[in-house]
Amino acid sequence: MTFFKVGDVVEGKKFGQLEHNFSGVVEKVYDNSLMVSIDDFNPSDKSSVNELNGRAVIRKSEAKMLKAVARTDEDRKVAALEEKEAEEKAAKANKTSRKRKSSKAKSKKTKKATDN
């Protein structure tokens, strides 16, 4: 996962009323998304950008970094920590989903055995 910081220039994919991709500056960073001030867009999307007040919230996974602001050592440490936490969370989610699947399979076997 890419570490985003306020001031980075990113490209966002088209969504909703926007018919073309756009780019802009990150204004706020959330857990899984970014608020972007839309600066560069296709002229045919002008009315849609106006309706969005020149801003959009996009998924981090769909944002493409075009230009990053300078990073400090502290920023790199925070990025590494966030990446580690995301990996742990994903691993935990995989464990949980496996347990759920196996308990469902057991309940189906139990149901079949009781039906006979």
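Under 3.5 Å, the side chains of Asn50 and Ser47 contain no donor-acceptor pair of N or O atoms.
Side chain of Asp75 to main chain of Thr72: a donor-acceptor pair is present (N/O by atom type, distance under 3.5 Å, no hydrogens or angles).
If you chain together hydrophobic residues whose side chains sit under 4.5 Å apart, Val26 and Met65 fall into the same group. Hydrophobic clustering (side-chain heavy atoms under 4.5 Å, transitive across Ile, Leu, Val, Met, Phe, Trp, Tyr) groups Phe41 together with Leu52.
In terms of heavy-atom proximity, Ser44 sits nearest to His20 at OG-CE1, 3.1 Å. Residues Ile58 and Gly12 approach most closely at CD1-CA, 4.0 Å, considering heavy atoms. For the residue pair Lys14 and Asn21, the shortest heavy atom distance occurs at N-OD1, 2.9 Å. Heavy-atom minimum distance, Arg71 versus Phe3: NH2-O, 2.9 Å. Taking every heavy atom of both residues into account, Ile38 and Ala56 meet most closely at CD1-CB, 3.9 Å. When all heavy atoms are compared, the tightest approach of Leu34 to Ala63 is CD1-CB, 3.8 Å.
Separating the CE atom in Met35 from the CZ atom in Arg55 is a distance of 6.0 Å, to the nearest 0.5 Å. Here the CD atom belonging to Glu11 is positioned 7.0 Å from the OG atom belonging to Ser23, to the nearest 0.5 angstrom. Distance check, rounded to the nearest 0.5 Å: CZ of Phe15 to CZ of Phe22 gives 5.0 Å. Between Lys46 atom NZ and Leu18 atom CG the span is 14.5 Å, to the nearest 0.5 Å.
The 12-atom threshold is exceeded at CD of Glu88, counting heavy atoms of other residues, nucleotides or ligands nearer than 6.0 Å.
For the side-chain contact (heavy atoms from CB on, under 4.5 Å) test, residues two or more places apart in sequence or in another chain that qualify with Glu19 are Asp45. Listed by chain and residue number, Glu83 satisfy the side-chain contact (heavy atoms from CB on, under 4.5 Å) test with Glu87 (two or more places apart in sequence, or in another chain).
Considering only heavy atoms from C-beta on, Ser33 stays 4.5 Å or farther from Arg59 through its side chain. Side-chain contact between Lys77 and Leu81 is absent, with no heavy atoms from C-beta onward closer than 4.5 Å.
Through direct or indirect side-chain contacts shorter than 4.5 Å among Ile, Leu, Val, Met, Phe, Trp and Tyr, Val9 is connected to Val25, Leu66.
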task = Test salt bridge (charged side-chain N to carboxylate O under 4.0 Å, His left out) on Lys5 and Asp8 and set out the steps.
result = CA-CA 6 Å; Lys5 188 174 175 183; Asp8 290 342; over 6 Å; no

